[in-house]
2 protein chains.
Amino acid sequence: MEFITSNVNVIVLATSLIGLGFAWYQRRWVLAQNPGNERMTKISGAIQKGAQAFLSREYRAVAVLVAVVTVALLALSAIPATNMSPWTALAFVSGALASGVAGYIGMYIAVRANVRTTQAASESLNQGLRVAFASGTVMSTSVVALALLGISLLFLLFTNLLSAHEAVSALAGFGFGGTSIAIFARVGGGIYTKAADVGADLVGKTEAGIPEDDHRNPATIADNVGDNVGDVAGMGSDLFESYASSIIAALTLATLGGGLAPDKTVPGQVFPLLVAAAGLLVGIWSSFLVRTKEDATQEMLLGSLRRGVYSASAGVGLVVVVLGLALDLGWGVIIATLSGLVGGVLIGFFTEYFTSDTYSPTQELAESAQGGAGIVVIRGLALGMFSTIAPVMIVVIVTLVATAATGLYGVAVAAVGMLATLGITLATDAYGPVADNAGGIAEMSRLDEAVRKRTDALDSLGNTTAATGKGFAIGSAAMTALALNAAFITALQGAGASSTVFMVDVLDSRFITGLFMGALLPFLFSALTMLAVGNAAQKIVEEVRRQFREIPGIMQGDAEPDYEACVAISTNSAIRQMILPGLLAVAVPIILAVLAIIGKDNVMGQFVGRETLIGMLVGSLLSAFMLSVMMANAGGAWDNAKKFVESGNHGGKGSEAHKAAVVGDTVGDPFKDTSGPSLNILIKLLAIVALVIAPLLAQSPLS
Amino acid sequence: MEFITSNVNVIVLATSLIGLGFAWYQRRWVLAQNPGNERMTKISGAIQKGAQAFLSREYRAVAVLVAVVTVALLALSAIPATNMSPWTALAFVSGALASGVAGYIGMYIAVRANVRTTQAASESLNQGLRVAFASGTVMSTSVVALALLGISLLFLLFTNLLSAHEAVSALAGFGFGGTSIAIFARVGGGIYTKAADVGADLVGKTEAGIPEDDHRNPATIADNVGDNVGDVAGMGSDLFESYASSIIAALTLATLGGGLAPDKTVPGQVFPLLVAAAGLLVGIWSSFLVRTKEDATQEMLLGSLRRGVYSASAGVGLVVVVLGLALDLGWGVIIATLSGLVGGVLIGFFTEYFTSDTYSPTQELAESAQGGAGIVVIRGLALGMFSTIAPVMIVVIVTLVATAATGLYGVAVAAVGMLATLGITLATDAYGPVADNAGGIAEMSRLDEAVRKRTDALDSLGNTTAATGKGFAIGSAAMTALALNAAFITALQGAGASSTVFMVDVLDSRFITGLFMGALLPFLFSALTMLAVGNAAQKIVEEVRRQFREIPGIMQGDAEPDYEACVAISTNSAIRQMILPGLLAVAVPIILAVLAIIGKDNVMGQFVGRETLIGMLVGSLLSAFMLSVMMANAGGAWDNAKKFVESGNHGGKGSEAHKAAVVGDTVGDPFKDTSGPSLNILIKLLAIVALVIAPLLAQSPLS
């Protein structure tokens, strides 16, 4: 154990290289598959081009912000009074780079795997599943491996150069960099994908009466691009960040003493790194368990994915117990980590319960569609609101258990435990958009009905895993943000503080108003992102109507629609409209911190202080968590309720109930794929920005 | 001044009797008006009967709860260790009684004024306005006068019998009694009104294509009953409670020392009582300013109501300055009170901005209806979310200013200041449903087009004042709940405590998880109330469809529909479904308090404590405030966007845009009239229950 402890960074480094090697191997395998006929490759090529173009424009826009923040961090660290290390800037750039690369890899493989999945599905269902899932593992393993690589390299470097306190402080920059990319990726990608989706549906399905993904719909390529830039690249950057931040929070709390005994600092640092490394290996192993028989039913398909996830959870659980005992951390740490692991699985289960049409909530939602669009929207909102009970109470119980077991450090390792299986859970999630695209390509290429049926089966499975994945993303984001907040507030005491506890008068008006402003932020943020989708979708609608009107023969299939026009509109709208919400998230904690510093010794301090910032962090976490769960679950339930009606219930396709269900689904689209997921990053970003600037605020005296 | 200070209770008592006298005078005047022809009185009679029947069933159901709680309070006070006074039980019963009577009076006059307004409108617009507004003043003056009467009588009694500390503690029971009635009145009335409204619209307008309030629609009487039991009686009990609780919170904080100098205790108690009493007199005076010319435009109508409200605000402002100086409380208290007064006016203004079709938000919402139901719902939700910025930032600024000016006591007097003009603001609000009913009666009685046009003008004005009133109700509820929380947390220190400050470790897992559970509660509560509306509406839909099918000649107007069947369904559904959400609100703080007491000296205390309860109060306040504003404003904007389309924009009645706008309005109905307003009471109820049981918890040591 001695050897492991002193070489932990090298071990984690080596593991992350194994992960990258596996991802490379899987990538080669996927690319070696048959990409299908000429029409298929042409369509896939258009999707690739669109996705590539969007991501490069997005990254160029974000690069400006990264450059500005890097310079600002360097400038701050040049002022001795700030206590900030110049290495924070390096960590920031590394985090931004790694997050961007993780998203890019996911997108790269997804836009190539989609057409290969279509072709494989024309051979057999199992073959289709294998290709789509393999592409998912490319992204998931890359995300996990890149996070571990970055953290272990930087931690190795910093612990050799800086004091332990400074090292973890600088490391927070890595999470900040990752989140800065993630917020724009999620918001920009989310606006893109839903503007195209809603726009395509509104004119295509509703007005022109042509099926989804029909090649005559000018917005269909943009819709498919959207799946890749939003659901794949955005999701990748998002979970990269949760994963990295949970480890950083655990390292910070272990170092600053968040409930661990003083002699447990080093094992406390080693533990989360090794759990994460083991999780990566377990994820690779369990990904081989995902396969199915030729004549598999939907149940069997889901079973095969579940087998992978549950095996990975069991494997990680075992590792946690062994490591906890070997490092002599005691059962407290083990229990805390396991509570997070179990909590993550439970959140996944309850998300499925509320959003899958095999359970009563979504079935009843589908039934209510007979009462019209108004009723289905009311009931869907109520379902989403009610469903918050499960993840909230799970997070409450995990937090209470973890803290009672081993203090604040317990919250951080609970988050690490929840995210340790990311290598496989993210793969099942990233699989969804690939299967969705595969179906789209089959439809557009007018392939055989049998192929479309297989891709439909794969797609439908993807919807379930996507909903579960979203629940998991939200739950883990809440735990991570909580751990980051704990790390921030602990760090506020400064090096060598006698106590790590920040006492606040609960009626301190700065704290209370901070809470109010924090609770407000997710509402504003969601309003902006939903309006962005509405605006962009409206532009798509106008363009599609224009093409139907002005391009003769388009509806007869004689003329090719101008797909690129819709791609360009989505790209431009998404890039332009991601700026304001993204900046809001970065700017608010910084502004509050600056005001707290300015008001330190004067009358302004009565109105704003560190209490305001802390209140804001807590308030935003609360309201973002609620809204995010509500939006994700309502959106998932509406989507599946619509599919349930389409599969012949309550009148089936074309009935009044179907029209009502489509309205529900339209409302749910920005809920579940734009605003909801973006809130996850909002709370992490607020928390990590605070953690990065904690050295500045530690100066400001308790008031 | 000496004389006034020592006789404050008598002065307030006298003022409240003047208020009741004025209400009696106005009632006589309204009842002396012509109730119209036989058909009109028949319809009005059916509405009266339905409203009466509902209210008596509601009160009988709630009486059980009141009896149980009274016995529980008496039992608790029999245990010496609880420190609870038996007089709390008396205060509780008085509060329940006063709140119930206030709601009853409002309903009583509204169901009689509706038909008289119709008749008066057949004479002239000004006459219609006068009758409807006079009935509003009956309720508003009764509400204010009953609250002042109860508080001054009890305070006079308690201060003679008990120590100052015990007196204010027992007085909290009055607020508790009021809120217990209010929660059921708002939830039950809210379910009733919206089930009937949505149900009537879905079949009548959408399926059968007959206009709103058409006499052939079997649900139309139930719809009109709903306006009276929900929007009048529910609103009356709600604001009765805010009003009483804000004064109780101010009395409590003045007594316990919430920022006031020790020698200012008595003036600190006298001040809120006198401000409220002066507000009542100013309200009566300013109600005489509400009148209009014969050929008044919509602008002029609104102007006449505004003249009343603004004059009252100016009058109260003047009184605040004079009283503050006369009582030698200093400018701090004056500034705090004025900040609340101004904040209330501003919240009203911004609510109007976001929900009236004379401003761009609602106009743009109406425009987006051309994009279909999905888009209009998305944009309405975004509008509602965005609109939270105004009331939240106003409450934040008022809180910061009031606290900086004079500590926690400042928060309470800010709430008193905000509510001091209730005598007139509530009248403009209660006027709305009367005008709405008057229009319905005109339509059902097939009166002249000209009459209907005048009642339409009055109704449309009522929609604007209703939206403003809702914003005001939410803002004042948030301020009141904040003041009650401050009173509760201050009271936790127990009598003779050296400090009134409750310090908490912001990372204490009990506090954090309390916040999470608190934030969850309004989501569950809203889900339950929205589902209740959905369920009840569906039953109405089925009944109306059945009658259209089974009663021959109904659509030709040859046969009378069975109105009473729909009234019975609404009544039964509302009564049955109000129980669970109502009990939830009463039970949660009690359960947490009991757990905190049980866990005092053992391991359970690690998981639940007073910190959990405090966290729950704060968390629920945050999330309820956001949700409530969002729901009220989204609902108001959808309603007015629909009306904007109906008045000929974007295709007018019957167009696709109109259908989409109707969907938005349907979603908005339970938002703005059931779930949203109920949340106001939820947070006040949670806070006042905590305040009542504070003596028990003051025993439990700081942990």
Side-chain angles (χ1 to χ4, degrees), chain A residues 198 202 206 368 371-375 377-379 381-383 385-386 388-389 392 395-396 399-400 403-404 408 482 486 489 501-507 509 512-513 515-517 519-520 523-524 526-527 530-531 533-534 537-538 541 606-607 614 618-619 622-623 626 630 662-663 666-667 670, chain B residues 198 202 206 368 371-375 377-379 381-383 385-386 388-389 392 395-396 399-400 403-404 408 482 486 489 501-507 509 512-513 515-517 519-520 523-524 526-527 530-531 533-534 537-538 541 606-607 614 618-619 622-623 626 630 662-663 666-667 670:
Chain A
V198 170
L202 278 177
T206 315
S368 76
I375 295 279
V377 171
I378 291 174
R379 293 195 79 113
L381 288 168
L383 182 154
M385 287 179 178
F386 192 80
T388 52
I389 193 171
V392 169
V395 165
V396 161
T399 304
L400 286 173
T403 321
L408 290 179
L482 202 54
I489 292 168
V501 172
F502 192 99
M503 299 298 287
V504 61
D505 168 9
V506 271
L507 291 172
S509 60
I512 292 282
T513 54
L515 284 168
F516 271 105
M517 289 189 282
L520 171 64
F523 280 78
L524 291 185
S526 300
M530 284 174 64
L531 280 178
V533 171
Q538 220 143 350
V541 166
Q606 273 191 288
F607 300 98
I614 293 174
V618 175
L622 293 175
S623 97
M626 302 297 146
M630 176 193 120
V662 168
V663 172
T666 308
V667 177
Chain B
V198 171
L202 278 177
T206 315
S368 76
I375 295 278
V377 172
I378 290 174
R379 293 195 78 114
L381 289 168
L383 181 154
M385 287 179 177
F386 192 80
T388 53
I389 192 170
V392 169
V395 165
V396 161
T399 304
L400 286 173
T403 322
L408 290 179
L482 202 53
I489 292 169
V501 172
F502 192 97
M503 298 298 286
V504 60
D505 168 10
V506 270
L507 291 172
S509 59
I512 293 282
T513 53
L515 284 168
F516 271 105
M517 289 188 283
L520 171 65
F523 279 79
L524 291 185
S526 300
M530 284 173 63
L531 280 178
V533 171
Q538 219 143 350
V541 166
Q606 271 191 289
F607 299 98
I614 294 175
V618 175
L622 293 176
S623 96
M626 302 296 145
M630 176 193 120
V662 168
V663 172
T666 308
V667 177

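Proteins come first, then strands; the chains are lettered A, B, ... in the order of their sequence lines, and each starts at number 1.
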Checking heavy atoms, do the side chain of [X], its backbone, both or neither come under 4.5 Å from chain A?
X: I378(B); answer: both
X: V533(B); answer: neither
X: V662(B); answer: neither
X: S623(B); answer: neither

Based on non-hydrogen pairs under 4.5 Å, which of [options] is most in contact with chain B?
options: M530(A), M630(A), Q606(A), M626(A); answer: M626(A)
options: T388(A), V506(A), V392(A); answer: V506(A)
options: T399(A), I389(A), V504(A); answer: V504(A)

Pick from [options] with the largest number of heavy-atom pairs that fall under 4.5 Å of chain A:
options: A404(B), G372(B), S368(B), G534(B); value: A404(B)
options: V663(B), L400(B), T403(B), V396(B); value: L400(B)
options: A527(B), S526(B), A486(B); value: A527(B)
options: A382(B), P670(B), G371(B); value: A382(B)

Is the shortest side-chain heavy-atom distance between [X] and [Y] below 4.5 Å?
X: I375(A); Y: V198(B); answer: yes
X: M385(B); Y: L524(A); answer: no
X: T513(A); Y: V395(B); answer: no
X: F516(A); Y: L482(B); answer: yes
X: L531(B); Y: L383(A); answer: no

(message) So which atom in G619(B) and which in L622(A) form the shortest heavy-atom distance, rounded to 0.1 Å?
(response)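 Where G619(B) meets L622(A) most closely, the heavy atoms are CA-CD1, 4.5 Å.
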
(request) Starting at CD1 of I614(B), measure out to CG of L507(A) and round the result to the nearest 0.5 Å. (result)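 Result: 8.0 Å between the selected atoms.
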
(message) Working to the nearest 0.5 angstrom, can you tell me the gap between D505(B) CG and L408(A) CG?
(response)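 Between D505(B) CG and L408(A) CG, I get 7.0 Å after rounding to 0.5 Å.
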
(request) Go through the steps for V667(A) and V667(B) under the test side-chain contact (heavy atoms from CB on, under 4.5 Å), then give the verdict. (result) CA-CA 12 Å; V667(A) 177; V667(B) 177; over 6 Å; no

